[in-house]
Amino acid sequence: MKNRVVIFLLFTFLLHPFVYSQKAEGLAKTPPMGWNSWNTFSVNISEDVVIGVVDKMVELGLKDAGYTYIVIDDGWMLRERDSDGNLVPDPEKFPNGMKHLADYIHAKGFKFGIYNCAGSYTCGGYPGGRGHEYQDARLYASWGVDFLKYDWCSHGNLTSEAAYTTMRDALAATGRPILFSICEWGDTEPWNWAGEIGHMWRISGDIYPCFDCEDRHDDGLPTQWSAWGVTRILDMRDNEQLRKHAKQGAWNDYDMLEVGNGMTAGEDRAHFVMWSMLASPLMLGNDVRKVNKETLALLTNKEIIAVNQDSLGIQAFQLNAMTDITKVLKTNNDSLDVWMKPLAGGKCAVAVLNRSKTNASVALQIPSIVIDEENPLIVFDADKSYTMRDAIAHKNIGNVKKGNISTVVPGHDIVLYVLEPIKKK
Ligand code: GLA
């Protein structure tokens with residue numbers, strides 16, 4: 001008996017670092033997709049809203065398109081923990097509690113996500129997780145939580161990597177596989193450390209539903225902060241740095257989508273296609289109960305989603321990071337970005353983003369491109385012929401020879417082509 005106890009203790013001690021010091025394995029093999037309450041509802045979230053959204057997502061085919069995680073962001077709990085230190089869902093907003101809602105969400109075939117913060121308070125001023133990590137993780141697991149978004153407000157003297165590691169270990173200790181979404185806004189370069197801790201990490205402050213604006217918040221706050229339009233987020237970091245860290249189970253998170261929240265159709269398209277090219281999580285941020293046809297068609301466009309969800313899991317690069325763009329791009333417009341994303345099966349995606357408001361004519365001659373010196377991957381071979389398909393309009397558009405593509409991109413819009421090598425018979 002004594003021996004058994006000794007063996008058990010030894011076993012637990014030796015295995016402890018492996019079992020409890022790892023993020024959940026096998027999750028987020030492709031960028032997570034789902035819906036998050038924040039962009040539309042802020043803290044005004046409730047069981048009614050979530051159930052309405054879930055039902056609509058099934059009815060409209062959004063679930064079938066791959067949007068799996070239903071995430072309730074800030075504002076779901078009471079302002080104080082209970083006398084045992086437990087978080088308490090707001091009974092007015094969630095009268096049947098979180099387990100009940102999780103069961104509903106699971107029964108409809110979705111996964112359930114929730115929000116809290118590594119600091120003492122969430123950004124909305126609700127109780128944060130600091131000092132309660134293991135207790136909170138057990139509570140989430142008991143409700144059936146599958147996804148935790150963990151914010152960075154009121155972090156005081158915490159160190160980001162250590163704080164997120166504590167929560168990762170607390171989640172691991174529950175034994176439930178919980179996708180861990182790190183929301184530290186890119187402040188301490190999470191792409192350099194977060195891959196071992198979480199499955200996705202924000203690279204920016206909050207998104208705002210505009211193409212290229214900054215939404216400043218100066219209003220008497222101790223620290224000024226801004227929310228950012230689509231191109232502002234695209235330009236916030238060095239993409240070549242970020243993209244090296246994206247891989248299966250670990251993604252740069254460009255923030256929840258603002259598609260359907262007031263931008264033009266072209267701007268929505270540019271936003272959605274770029275997030276797909278960047279292998280960012282695709283978390284809907286609109287009120288899907290009121291989505292219009294055009295927005296729905298974009299959000300359920302299988303060919304764009306396939307670019308995002310491609311099994312290689314490689315984040316797009318800008319062509320000018322690989323070659324002298326002035327030699328390969330002829331255009332009447334100097335506000336163009338050309339992005340490329342390698343896809344499985346020797347295919348690749350090419351997106352041309354027009355940041356200006358005027359139409360652009362484009363004559364592009366893509367050179368041969370190989371990435372990754374250690375493990376070379378041919379992204380494009382200019383000596384090969386490719387078929388070309390317009391992934392937005394679902395149309396084949398002839399063959400590409402010697403890398404030559406010509407097209408027109410409307411202002412504040414994007415084109416997305418998928419190129420596939422023609423096999424010699
Ligand atoms: C931060 C996050 C947002 C959202 C809010 C909630 O601003 O970056 O995505 O979660 O907090 O208060």
Side-chain angles (χ1 to χ4, degrees), residues 31-46 49-50 53 69-79 87 89-90 93-94 112-130 136 140 145 147-156 158 160 163-164 167 179-191 194 198-210 214-219 221-230 232-233 236-237 251-261 271 275 280-287:
M33 294 174 66
W35 175 85
N36 175 300
S37 55
W38 182 255
N39 286 355
T40 297
F41 297 97
S42 177
V43 296
N44 306 310
I45 186 67
S46 66
V49 168
V50 177
V53 164
Y69 288 95
I70 304 293
V71 182
I72 302 176
D73 208 284
D74 206 357
W76 59 266
M77 54 186 137
L78 289 180
R79 296 266 173 199
L87 296 167
D90 184 330
K93 295 174 175 170
F94 296 95
F112 176 48
I114 209 158
Y115 161 99
N116 205 332
C117 181
S120 312
Y121 293 95
T122 72
C123 300
Y126 296 86
R130 186 173 185 177
D136 290 351
Y140 301 146
V145 165
F147 178 117
L148 176 67
K149 172 175 169 184
Y150 218 45
D151 215 338
W152 192 227
C153 275
S154 311
H155 60 261
L158 287 175
S160 52
Y164 284 97
M167 196 59 199
L179 193 157
F180 193 29
S181 160
I182 294 174
C183 179
E184 167 276 6
W185 317 314
D187 283 4
T188 59
E189 306 189 342
W191 43 92
H199 303 85
M200 54 195 263
W201 52 86
R202 282 270 297 276
I203 60 100
S204 71
D206 289 5
I207 194 168
Y208 189 76
C210 67
E214 175 183 352
D215 173 48
R216 284 178 68 94
H217 293 250
D218 294 306
D219 31 16
L221 298 169
T223 45
Q224 185 273 332
W225 68 281
S226 292
W228 306 95
V230 167
R232 296 300 194 98
I233 291 186
M236 199 162 287
R237 312 288 175 196
W251 309 102
N252 290 298
D253 176 4
Y254 287 73
D255 206 354
M256 286 98 60
L257 296 165
E258 292 283 15
V259 175
N261 287 344
H271 173 27
W275 264 230
S280 174
L282 297 179
M283 302 298 292
L284 307 174
N286 58 325
D287 185 349

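We count ligands from 1, going down the list as the structure has it; atoms in each ligand are counted the same way. Note that this is a predicted model, so its numbers are computed, not measured.
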Point to revise | Interatomic spacing from NE2 in H271 to OH in Y254 - rounded to 0.5 Å | key: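 Separation between the atoms: 13.0 Å.
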Review point. In chain order, what residues pass the ring pair (Phe, Tyr, Trp, His ring centres under 6.0 Å) check against H199, with sequence neighbours excluded?
Key: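 Here no residue qualifies.
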**Study point:** Pairing residues for E214 by the salt bridge (charged side-chain N to carboxylate O under 4.0 Å, His left out) criterion, not counting sequence neighbours
**Key:**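 In terms of salt bridge (charged side-chain N to carboxylate O under 4.0 Å, His left out), with neighbours along the sequence ignored, E214 is linked to R216, R232.
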Point to revise | All salt bridge (charged side-chain N to carboxylate O under 4.0 Å, His left out) counterparts of D151, not counting sequence neighbours | key: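 Salt bridge (charged side-chain N to carboxylate O under 4.0 Å, His left out) check on D151 returns nothing, list empty.
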Are any protein N/O atoms closer than 3.5 Å to the N/O atoms of ligand 1? If there are, list each pair with names and the distance to one decimal place.
from     : atom 1 : to   : atom 2 : distance (Å)
ligand 1 : 7 (O)  : D206 : OD1    : 3.3
ligand 1 : 7 (O)  : D206 : OD2    : 2.7
ligand 1 : 8 (O)  : W185 : NE1    : 3.0
ligand 1 : 8 (O)  : R202 : NH1    : 3.3
ligand 1 : 8 (O)  : R202 : NH2    : 3.1
ligand 1 : 8 (O)  : D206 : OD1    : 2.5
ligand 1 : 9 (O)  : K149 : NZ     : 2.8
ligand 1 : 9 (O)  : R202 : NH1    : 3.1
ligand 1 : 10 (O) : D73  : OD1    : 2.7
ligand 1 : 10 (O) : D73  : OD2    : 3.3
ligand 1 : 10 (O) : K149 : NZ     : 3.0
ligand 1 : 11 (O) : D151 : OD2    : 2.7
ligand 1 : 12 (O) : D74  : OD2    : 2.8

**Study point:** Criterion side-chain contact (heavy atoms from CB on, under 4.5 Å) against Y115, the qualifying member of S181, S37, C183, C123
**Key:**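 The option that passes is C123.
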Practice item. Check the side chains of S154 and S120 for a donor-acceptor pair under 3.5 angstrom, ignoring hydrogens and angles. Key: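 On atom types as modelled, these side chains do not qualify, holding no pair under 3.5 Å.
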